[in-house]
Amino acid sequence: MAYDPSNIFARILRGEIPCKKVFENEHVLAFHDINPQAPLHILVIPKGAYISMDDFSAKASPEEITAFVRAIGEIARREGVAESGYRILANHGGDAHQEVPHLHVHIFGKRPLGRMLPRD
Ligand code: AMP
């Protein structure tokens, strides 16, 4: 599957549509989810054109991977959830219901987050 440059997060990265930005550096952008599932719900994305963690883990440079992981930790600390706890989640592909085909890690926090996965 090829990267689709018309996906919504690619459009945010190009500045074509707005976002509520919380963090940005050379390799990473983070913003509030438009439909929050918790009092804190932030999406962290690499600036590079990666479809998902599968793509990113195989093809991203060491600098991009380091920047991405460090950004997640820094954002959580800045947002005040490093002490209280938070959850990170990245959906890849159909079984995980990935909606947007640009890698994003969700950061959830500021409430008890319940079970890791719902029981079927
Ligand atoms: P996923 O199911 O992991 O692909 O999650 C996609 C997430 O992107 C959902 O939580 C959406 O609410 C969120 N989302 C979609 N469009 C936007 C947008 N324009 N700005 C911020 N978040 C968005």
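Atoms within a ligand are numbered from 1 in the order they appear, just like the ligands themselves. Note that this is a predicted model, so its numbers are computed, not measured.
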(message) Show, in sequence, the C-alpha distance, side-chain angles and deciding distance for I8 and I17, and conclude whether the side chain to side chain contact (heavy atoms under 4.5 Å, CB included) test is met.
(response) CA-CA 8 Å; I8 193 99; I17 58 170; 3.3 Å; yes
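Atom 6 (C) of ligand 1 has its closest protein heavy atom at H104 NE2, 3.5 Å. Scanning the protein for heavy atoms near atom 19 (N) of ligand 1, the closest one is I8 CG1, 3.8 Å.
Looking at H97 next to ligand 1, an N or O pair under 3.5 Å apart turns up. For ligand 1, the polar-atom distance check finds no N/O of H41 at less than 3.5 Å from any of the ligand's N/O atoms. When only interatomic distances are considered, the shortest N/O to N/O separation between F9 and ligand 1 does not fall below 3.5 Å. At a 3.5 angstrom cut-off on N or O pairs, I34 counts as close to ligand 1.
Applying the 4.0 Å criterion to heavy atoms of H32 picks out, from ligand 1, the atoms 21 (C). For ligand 1, the atoms sitting less than 4.0 Å from at least one non-hydrogen atom of L43 are 8 (O), 13 (C), 22 (N), numbered in the order shown with element in parentheses.
Sparse packing is recorded around CZ of R70, with 12 or fewer heavy atoms of other residues, nucleotides or ligands lying under 6.0 Å away. More than 12 heavy atoms of other residues, nucleotides or ligands sit less than 6.0 Å from atom CD of E16.
When all heavy atoms are compared, the tightest approach of C19 to L29 is SG-CD2, 4.5 Å.
Between I42, V100, D33, N91, it is D33 that holds the heavy atom closest to atom 12 (O) of ligand 1.
Electrostatic pairing of K47 and E64 does not count as a salt bridge here, judged by no charged N lying under 4.0 Å from a carboxylate O.
In this structure, the side chain of H102 engages the main chain of P46 through a donor-acceptor pair within 3.5 Å. Side-chain atoms of E99 do not come within 3.5 Å of backbone N or O of H97 as any donor-acceptor pair.
Within the 4.0 Å heavy-atom shell around ligand 1 one finds H106. Not a single heavy atom of K20 lies less than 4.0 angstrom from ligand 1.
Ring centers of H104 and H106: under 6.0 Å apart, within the cut-off.
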